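Everything below concerns the one structure shown next.
This structure is a prediction, so every number in the text was calculated from the model and none was measured.
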Amino acid sequence: MQITYTQAQFKLNITQFNPKGEATLTRENNLIEITWPAGQQKFGKAQFDLSPSGPLLKRIALGTKAKFNIISEDLDPAFLLSIGKRDLLSQNGWNIFFDKVPSRPFKTVPILLKKATVDVKSIGSRTVVTIGKLTADRFSGKLEVTFYNGSPLFNIAAVMSTDVDATAIVYDAGLISKTEKWNNVSWINTGDEMNSTPVNYSDSAKNLSVKYRTIAARSNGGTLALFPAPHQYFYPLDEAFNLKFVWHGKGYRNMLNGYGIGIRQELEGDRRFVPWFNAPPGTHQRLNFYCLVSDAADAVALDAVKKFTNADRYVKLPGFKTMSSHFHNEFIMNVVLAGKPVPEKPEFVEVFKRLGVDMVHLGEFHYTAHPKGPDSLRLRELKALFEQCERLSDNNFLLIPGEEPNEFFGGHWLQIFPKPVYWVMSRQKGQPFVENKPGFGKVYHIGDKNDMLKLLEDEQGLAWTAHPRTKGSVNTPDIYNHENFYKSDRFMGAAWKAIPADLSHPRLGKRALDLLDDMNNWGEKKTMIAEADLFTVTQENEMYAHMNVNYMMLDQLPKYNEGWEPVVEAMQKGKFFSTTGEVLIHELKVNGKSSGETVRLNADGTAEIRLKLSWTFPMNFVEIITGDGEKVYREKIDLMHTKAFGEQQFQFRSKVKGCKWLRVEAWDSAANGAFSQTFYLQ
């Protein structure tokens, strides 16, 4: 059973609700009603039943002040919390990725609600209703329902905390219908086709592979679509398999009473390394999902949800080209050199093009090839890689050869050259560093870190730490930040990915962003690109949830046969920003300078920051991060007043006297975000 009720009368606190704001609140006995402007001259209405036995959401409606359509009635939010144990000892504490939580004992329990107290607060453009006490095994907390002015969108969150150390979690969630008012459920399949089925309230729950992570229920009055935060809900895995992340039906997992719709996790993940979410003691984990209501057909509601992720596509931005990095697709070894038919248009290329990625930097030959030779095999593999990258590139798409060599420097790292380069990761005694070989031209043999640095210098390539401070880079770049190769301008820095996952954080990828601050304080000019670090790339996969992208400051896409030096230069000089896709940095100038450049401060030690953002989900905050070579300082600008689908020019005057560097982050209400590269202060 997902919800229990034990008390008679609830206590209502509205001291922080603004009665003069855009949302209104009324109370009648055990019913509380929130009405909020939902955009397009419409209003949303949510009625909470705080009586001991009634469904919590008595009614959800949408319409004009004159006429409301009832979208759904008699719904209970439902949460199942799976609780396991984190390995904090074998590797690097809470930053661990190589963990297999479901291989150890764990339990799944329903979260129980006691409707004891209700707080209603106005926070910027939002109305937050906090209800009662939640309990689930070692966890306790409160239910938060957030309504967003200007949008038919709301969020339901079980905000839970534990005092038990080494806890890892995942959660399933949804809405249970207590009366039979839904007519059909709908979703978009992985082939991007609309599917719908009549609701039979006696049908057992089933799990579905869908696109856009959304399921919708239709009644006579309209449609309610339910979906997770597009990136935050997906803890890191090696594979972006579509693991049937939504469900509908009766008796989900034999633990929820009644018919419902919702989101879910496959507890075994991709059956490789399955770290789940971190839940450190005392943190407030937001187990949440979004709902969008529409008084139109289910197709209209699903289209409205798609807009929050630009239909899972990275939008074009004038003056920028999109680039994604770190893919172990192994097309060369698994297809081209395996004797299999080579498709004219490989699926993985088409997937990237549909995502709106202009440039893809590969990480081929990841434990599948012959990086150390013999030359006859290694050069053949590289030649095949270069030929296929050239063949599959065109005027609108650039496929960039790259590897994760993991030799010479320590830990895991990636490389990129501005053109095809033949090199072998071994050098015998007496063998020359570079020689010419018929059919290949210049060939390098690399024997140690000094050879590797010389190769990067000679060919103007870049290297950087992959997944720093986690995975196979647990101690890097920290253990080599004093080395010549790290201090060289040929060592770019490191890469960002949302590892580990922690639902208490308002941003993703704190591990890597903290490293960016540390690298800045270490004193070398380093940059950090976003990386995906994924293996198979298919249309069926849930690619977007695990993806990120870099918007490179390029007016034109380089042609393969002319080389991609502008891309390498932009990476090295910090001429880009990185994003999950929903938040875009159109412009960012500090005293007129762009990221990667040196900024002269004003006489009073301030800097003028000019920032133009656009977003889909309502924003939460912008943060200006600075450092003086030892400490890191943060200035947070609250953006809780913003509404969905906005674009705004901001100007900040920041006091940065004594600081040596500055960078900017921007994060929305679903923990999607974007971050700039570093500005150097003088």
Side-chain angles (χ1 to χ4, degrees), residues 83-104 106 162 164-170 231-232 234-239 269-283 285 325-326 328 363 366-367 404-414 463-483 485-486 491-505 507-522 526 528-535 546 548 632 671 675:
I83 306 169
K85 187 171 178 60
R86 166 70 69 243
D87 173 6
L88 294 179
L89 301 176
S90 68
Q91 291 158 69
N92 53 339
W94 290 106
N95 277 344
I96 189 172
F97 173 81
F98 292 143
D99 202 358
K100 297 183 178 181
V101 177
S103 70
R104 297 186 290 274
F106 66 87
T162 181
V164 179
D165 202 8
T167 299
I169 60 171
V170 291
H231 302 280
Q232 184 194 46
F234 298 85
Y235 61 84
L237 294 169
D238 283 329
E239 297 281 10
D270 61 6
R271 299 183 181 273
R272 291 167 63 92
F273 296 101
V274 187
W276 289 13
F277 294 100
N278 285 345
T283 59
Q285 301 293 317
S325 176
H326 201 158
H328 303 303
H366 192 50
Y367 304 121
E404 187 178 0
N406 304 339
E407 298 283 345
F408 314 122
F409 291 160
H412 287 198
W413 55 279
L414 276 87
W464 62 95
T465 309
H467 39 74
R469 295 178 174 174
T470 189
K471 289 186 132 184
S473 302
V474 167
N475 299 314
T476 60
D478 303 70
I479 61 170
Y480 54 58
N481 66 5
H482 62 286
E483 297 263 14
F485 69 80
Y486 175 84
F491 199 90
M492 186 191 76
W496 175 92
K497 183 179 177 176
I499 306 175
D502 186 325
L503 296 163
S504 70
H505 292 167
R507 74 190 86 212
L508 302 178
K510 181 179 183 296
R511 161 197 57 90
L513 294 170
D514 285 350
L515 170 65
L516 182 53
D517 297 333
D518 288 343
M519 290 193 299
N520 285 328
N521 272 344
W522 293 343
K526 302 299 178 187
M528 178 171 282
I529 67 166
E531 66 177 351
D533 193 5
L534 295 172
F535 285 72
H546 293 276
N548 48 55
V632 175
F675 62 92

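- Between the CZ atom of Arg507 and the CG atom of Leu513 there is a distance of 7.0 Å, given to the nearest 0.5 Å.
- For the pair Thr167 (side chain) and Val164 (backbone), a donor-acceptor distance under 3.5 Å is present.
- The aromatic rings of Phe234 and His546 sit perpendicular, their planes meeting at an angle over 60°, well past the 30° parallel limit.
- Between Phe491 and the choices Phe408, Tyr480, Trp522, the ring pair (Phe, Tyr, Trp, His ring centres under 6.0 Å) rule is met once, by Tyr480.
- Two residues are said to be in side-chain contact when any heavy atoms from C-beta on lie closer than 4.5 Å; Lys100 and Arg271 fail this criterion.
- Listed for the His328 side chain is a donor-acceptor partner under 3.5 Å among the backbone atoms of Gly363.
- Judged by distance alone, the side chain of Arg511 and the main-chain N or O of Trp94 form no donor-acceptor pair under 3.5 Å.
- Side-chain atoms of Asn548 come within 3.5 Å of backbone N or O of Glu531 as a donor-acceptor pair.
- With rounding to the nearest 0.5 Å, the separation of NZ in Lys510 from NE2 in His505 is 6.0 Å.
- Contact annotation: the side chain of Gln285 never approaches that of Thr162 to less than 4.5 Å [non-hydrogen atoms, C-beta and beyond].
- Annotation: side chain of Lys497 is in contact with side chain of Leu534 (closest heavy-atom distance under 4.5 Å).
- Every pair passing salt bridge (charged side-chain N to carboxylate O under 4.0 Å, His left out) that includes a residue from residues 463-480 is listed here, sequence neighbours excluded: Asp238-Lys471, Arg469-Asp478, Arg469-Asp518, Lys471-Asp533.
- Proximity of Pro500 to Pro275: side-chain heavy atoms (C-beta onward) are nowhere separated by under 4.5 Å.
- One finds the CZ atom of Phe409 at 9.5 Å from the OG1 atom of Thr465 (value rounded to the nearest 0.5 Å).
- Judged by distance alone, with hydrogens and angles left aside, the side-chain atoms of Trp276 form no donor-acceptor pair with the main-chain N or O of Ala501 at under 3.5 Å.
- Between Met528 and Leu515 the shortest side-chain heavy-atom distance falls below 4.5 Å.
- Side chains of Asn92 and Phe97 form no contact here, defined as non-hydrogen atoms less than 4.5 Å apart.
- Annotation: side chain of Asp165 is in contact with side chain of Leu88 (closest heavy-atom distance under 4.5 Å).
- What you find for Ala512 and Trp496 is that their closest heavy atoms are CB-CD1, 3.6 Å.
- Distance alone, capped at 3.5 Å, places no donor-acceptor pair between the Ser473 side chain and the Gly411 backbone.
- Sequence neighbours left out, not one pair with a member in residues 87-96 passes salt bridge (charged side-chain N to carboxylate O under 4.0 Å, His left out).
- Residues satisfying the side chain to side chain donor-acceptor pair (under 3.5 Å) criterion with Gln91, sequence neighbours excluded, are absent altogether.
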* Verdict with supporting geometry, Thr476 and His412, side-chain contact (heavy atoms from CB on, under 4.5 Å) -> CA-CA 8 Å; Thr476 60; His412 287 198; over 6 Å; no

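- Using modelled atom types, one side-chain atom of Thr470 and one backbone atom of Asn95 make a donor-acceptor pair closer than 3.5 Å.
- Both tests hold for Arg272 against Phe535: distance to the six-membered ring centre under 6.0 Å, angle to the ring axis within 45°.
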* **Intermediate values then yes/no, side-chain contact (heavy atoms from CB on, under 4.5 Å), Phe277 and Asp502** => CA-CA 5 Å; Phe277 294 100; Asp502 186 325; over 6 Å; no

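- Separation of atoms CG (Asn278) and CZ (Arg86) is listed at 4.5 Å; rounding is to 0.5 Å.
- Not one N or O on the side chain of Asp99 forms a donor-acceptor pair closer than 3.5 Å with the backbone of Val274.
- If you take OG on Ser103 and CZ on Phe273, they are separated by 10.5 Å, rounding to the nearest 0.5 Å.
- Put simply, the side chain of Pro477 does not reach to within 4.5 Å of the side chain of Lys526, judged on heavy atoms.
- Interatomic distance, Ile499 CD1 to Ile96 CD1, rounded to the nearest 0.5 Å: 11.5 Å.
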